[in-house]
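Inspection log for the structure reproduced underneath, given as structure tokens.
Every value quoted in this text rests on a predicted model; they were computed, and no experiment measured them.
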Amino acid sequence: METGTAQEKITLAFINDKSPIIDAIYNDLTALGNEILFRSENIQDGLLQLSALKTLPKICVIDLDFYNKNVLAQLHELNAKYPTIKLIAHSDIDADKVAKSLLELGFSSYLLIGSDTEDFKKVIEKCI
């Protein structure tokens, strides 16, 4: 019988463009004991992958592509179908107005492009 205070793995999903920086953050978060359930390159594919999971991630990090006209509708769909998943926005737009709007859409937090693994770790821990 196991005793002690083993920490539960934090399960994550990434909906984010591929980049070497995100790959490094992904690898660092995995090495820290987090479990990445999937990565996808857009919200539509992320919705498809979520629908196939038996256990949902606790947190989903989403790179917001505001050039995609459907992004707001897709975010509403994601939030409506999976209200228990904490959403963390990842964007290059550094504006209070955007951050406030995202919080109103149901996002738990906001990270700027260029954030490092330590930034991700802090925000993820705050969301749990």
Side-chain angles (χ1 to χ4, degrees):
M1 180 171 161
E2 227 176 271
T3 60
T5 57
Q7 287 190 330
E8 185 180 340
K9 280 186 176 182
I10 298 172
T11 53
L12 305 164
F14 275 80
I15 298 175
N16 211 319
D17 292 334
K18 288 185 176 183
S19 82
I21 295 170
I22 292 299
D23 290 346
I25 290 170
Y26 171 93
N27 290 336
D28 289 347
L29 290 173
T30 301
L32 290 170
N34 299 291
E35 183 178 1
I36 313 294
L37 298 182
F38 71 83
R39 292 175 72 179
S40 69
E41 291 191 39
N42 58 60
I43 297 171
Q44 196 62 41
D45 183 55
L47 285 165
L48 201 65
Q49 292 201 44
L50 282 168
S51 69
L53 294 175
K54 291 182 180 172
T55 303
L56 295 174
K58 291 182 179 176
I59 293 178
C60 186
V61 178
I62 303 174
D63 179 10
L64 297 173
D65 177 7
F66 289 108
Y67 297 106
N68 177 348
K69 292 179 183 176
N70 297 324
V71 71
L72 289 178
Q74 292 170 344
L75 288 172
H76 282 294
E77 182 180 352
L78 177 67
N79 213 9
K81 284 185 174 177
Y82 306 102
T84 60
I85 299 173
K86 304 284 186 189
L87 303 176
I88 298 173
H90 191 218
S91 177
D92 59 352
I93 300 174
D94 186 11
D96 287 342
K97 185 178 176 182
V98 171
K100 281 184 181 180
S101 296
L102 291 172
L103 293 175
E104 289 171 5
L105 281 171
F107 278 80
S108 299
S109 194
Y110 187 84
L111 282 164
L112 285 172
I113 300 289
S115 299
D116 63 12
T117 301
E118 195 60 36
D119 297 326
F120 273 81
K121 184 179 164 194
K122 286 177 187 172
V123 167
I124 289 167
E125 288 173 355
K126 281 184 183 177
C127 288
I128 296 296

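Separation of atoms CD1 (I113) and OG (S19) is listed at 7.5 Å; rounding is to 0.5 Å. Summarising the geometry, atom CD1 belonging to I25 is positioned 14.0 Å from atom NZ belonging to K121; distances are rounded to the nearest 0.5 Å. Here CG of N27 is found 11.0 Å from CG of L32. Values are rounded to the nearest 0.5 Å. Taking CG from N79 and CG from L105, the interatomic distance works out to 7.5 Å, rounded to the nearest 0.5 Å. Between the CG atom of L111 and the NZ atom of K122 there is a distance of 11.0 Å, given to the nearest 0.5 Å. Between atom CD of residue E35 and atom OG1 of residue T30 there is a gap of 9.0 Å, rounded to the nearest 0.5 Å.
Proximity of a side-chain donor or acceptor of N42 to a complementary backbone N or O of D45 within less than 3.5 Å is detected. A donor-acceptor contact shorter than 3.5 Å links the side chain of Q49 to the backbone of R39.
The shortest distance between side-chain heavy atoms of T55 and T11 does not fall below 4.5 Å. Contact of the I93 side chain with the Y110 side chain is registered, since non-hydrogen atoms from C-beta on lie closer than 4.5 Å. The closest side-chain heavy-atom distance from F107 to I62 is below 4.5 Å. D28 has its side chain out of reach of D116: every pair of non-hydrogen atoms, C-beta onward, lies at least 4.5 Å apart. A heavy-atom distance below 4.5 Å is not found between the side chains of V123 and I59. Side-chain contact check for L102 versus L87: every heavy-atom pair is 4.5 Å or farther apart. With contacts defined as side-chain heavy-atom distances shorter than 4.5 Å, the pair Y26/N16 does not qualify. Between L47 and E77, some side-chain heavy-atom pair lies under the 4.5 Å cut-off.
The cluster map of Ile, Leu, Val, Met, Phe, Trp and Tyr, joined by side-chain heavy atoms under 4.5 Å apart, puts L75 and I88 in different clusters. No path of Ile, Leu, Val, Met, Phe, Trp and Tyr side chains, each step under 4.5 Å between heavy atoms, connects L48 with L56, placing them in separate hydrophobic clusters. Hydrophobic clustering places I128 together with L12 (ILVMFWY residues linked when any side-chain heavy atoms are closer than 4.5 Å, directly or through intermediates). Criterion: ILVMFWY side-chain heavy atoms under 4.5 Å apart, direct or through other members. Under it, V71 and L112 are part of a common hydrophobic cluster. Under a hydrophobic-cluster definition in which Ile, Leu, Val, Met, Phe, Trp and Tyr are linked whenever side-chain heavy atoms come within less than 4.5 Å, directly or via other members, F38 and I22 are assigned to different clusters.
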Report task. Apply side chain to side chain contact (heavy atoms under 4.5 Å, CB included) to the pair I124 and L29, showing each step before the final yes or no. Result -> CA-CA 10 Å; I124 289 167; L29 290 173; 4.1 Å; yes
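Heavy-atom minimum distance, K58 versus K9: NZ-O, 4.1 Å. Nearest heavy atom pair, residue L103 against residue S109, reads CD2-N, 4.3 Å.
Other residues, nucleotides and ligands place no more than 12 heavy atoms under 6.0 Å from the NZ atom of K86.
No close placement of the H90 and F14 rings is indicated, their centers lying 6.0 Å or farther apart.
Of the options C60, S51, P57, a side-chain contact (heavy atoms from CB on, under 4.5 Å) to Y82 is made by S51 and by none of the others.
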